[in-house]
Amino acid sequence: MEFYYPNLQNDMWRIFGYLFFGDRTHFLAANGKAFDRERIVEFLTGKGIALYDTATAVNRLRDNASDQFLEIVEPTDQGALLRRLPACRAVAATGGKAAETAARGLCCDVPAVGGFVPFTFEGRDLRLWRMPSSSRAYPMALERKAEAYAAMFASLGLM
C-alpha cells in the first residue's frame, strides 16, 4: 500500500477530519472514492505527526487484517526510530497487536484503550498511547473513537 490507512472502510482520516476540521469527509479526494494523500501528508507535516508501523515484517495467517491473524516476524526498532525523532513526545498505537508490540519494544506496560503509560527512553520522558482501532470492524462509533484521539492530541498541544 502506498500510504497509511488507504482503505475507504477505515475511519482514520475521517477521525482526523472530524477532530481538526469538523468534517469527517475533509480528507476525501474530490471524487469521494479515495483519500487525498497529498492533503493528508501536508496536514500531518504541519502538525508534526509522524506515522510508522510497529513491525517491518508481518505474516498474515488468514486473508484479513484481524490482529489475531497477524504474526509479527520483525518488530520495528523503535529505539532507532526515536533517536531520529528527538522532538517526539509520544507514541500512539492504533489497536491491540500494535500496542502490545510497541510496549514490548519500548519496555513498558500496555495502556488501556484510550489511555497511556509513561516510559523513559534515553533520558526522555514520553508516553505510549493506545488508541481505539480505526477499523470499522472495531465496534465503536467514530465520534467515540475521536474522543480518545482528541484527549491525546490535546495533551500534546496539537488541538
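Excluded from the calculations below are hydrogen atoms, water molecules and symmetry mates; all remaining heavy atoms, backbone and side chain alike, are included. One-based numbering along the sequence shown.
Contact check on R24 versus E143 returns a salt bridge, with a Lys/Arg side-chain nitrogen under 4.0 Å from an Asp/Glu carboxylate oxygen.
Here the side chains of Y4 and I40 are not in contact, with every heavy-atom distance at 4.5 Å or above. The shortest distance between side-chain heavy atoms of V91 and L82 falls below 4.5 Å. Side chains of L28 and L8 form a contact here, defined as non-hydrogen atoms less than 4.5 Å apart. The closest side-chain heavy-atom distance from C88 to R124 is below 4.5 Å. H26 is not listed as a side-chain neighbour of R14, based on a closest heavy-atom distance of 4.5 Å or more. Two residues are said to be in side-chain contact when any heavy atoms from C-beta on lie closer than 4.5 Å; V117 and R127 fail this criterion.
Here the closest heavy-atom approach between residue A93 and residue A98 is recorded as CB-C, 3.7 Å. When all heavy atoms are compared, the tightest approach of V110 to A103 is CG2-CB, 3.6 Å. Here the shortest heavy-atom pairing between G114 and A148 reads CA-CB, 4.0 Å. Minimum heavy-atom separation, N10 to F35: O-CZ, 3.8 Å. What you find for A92 and M131 is that their closest heavy atoms are CB-CG, 4.3 Å.
Side-chain atoms of S135 come within 3.5 Å of backbone atoms of A137 as a donor-acceptor pair (strictly under, hydrogens ignored). In terms of modelled atom types and a separation under 3.5 Å, the side chain of K145 and the main chain of I15 share no donor-acceptor contact. A donor-acceptor pair under 3.5 Å is absent between the side-chain atoms of R144 and the main chain of M140, judged by distance alone.
Y5 and T94 are linked by a side-chain donor-acceptor pair at a separation below 3.5 angstrom, with hydrogens and angles left out of the test. Donor-acceptor pairing under 3.5 Å is lacking for the side chains of S134 and D11.
Criterion: ILVMFWY side-chain heavy atoms under 4.5 Å apart, direct or through other members. Under it, V41 and L158 are part of a common hydrophobic cluster. Grouping the Ile, Leu, Val, Met, Phe, Trp and Tyr side chains by contacts below 4.5 angstrom, directly or via other members, places L81 with L51.
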What do the steps show when you test Y18 against F27 for ring pair (Phe, Tyr, Trp, His ring centres under 6.0 Å), and what is the final call?
CA-CA 10 Å; Y18 176 79; F27 289 111; over 10 Å; no
Please evaluate residues Y52 and T76 with respect to the criterion side chain to side chain contact (heavy atoms under 4.5 Å, CB included), reporting the C-alpha separation (whole Å), side-chain torsions for both, the decisive distance (0.1 Å), and the verdict.
CA-CA 9 Å; Y52 205 78; T76 295; 3.6 Å; yes
Passes side chain to side chain contact (heavy atoms under 4.5 Å, CB included), L19 versus M159? Steps please.
CA-CA 8 Å; L19 288 177; M159 290 192 74; 4.0 Å; yes
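To the nearest 0.5 Å, atom CZ of residue F119 and atom CG of residue L126 are 4.5 Å apart. The CG atom of N7 lies 12.5 Å from the CE atom of M12; values are rounded to the nearest 0.5 Å. Atom CG of L156 sits about 11.0 Å away from atom NZ of K47, to the nearest 0.5 Å. Interatomic distance, L106 CG to T54 OG1, rounded to the nearest 0.5 Å: 10.0 Å. Separation of atoms CH2 (W129) and OH (Y149) is listed at 12.0 Å; rounding is to 0.5 Å. Of the inter-residue distances, the one linking E147 atom CD with M152 atom CE reads 14.0 Å to the nearest 0.5 angstrom.
Heavy-atom neighbours of E38 CD from other residues, nucleotides or ligands within 6.0 Å: at or below the threshold of 12.
In this structure, the ring of F43 has its center less than 6.0 angstrom from the ring center of F20.
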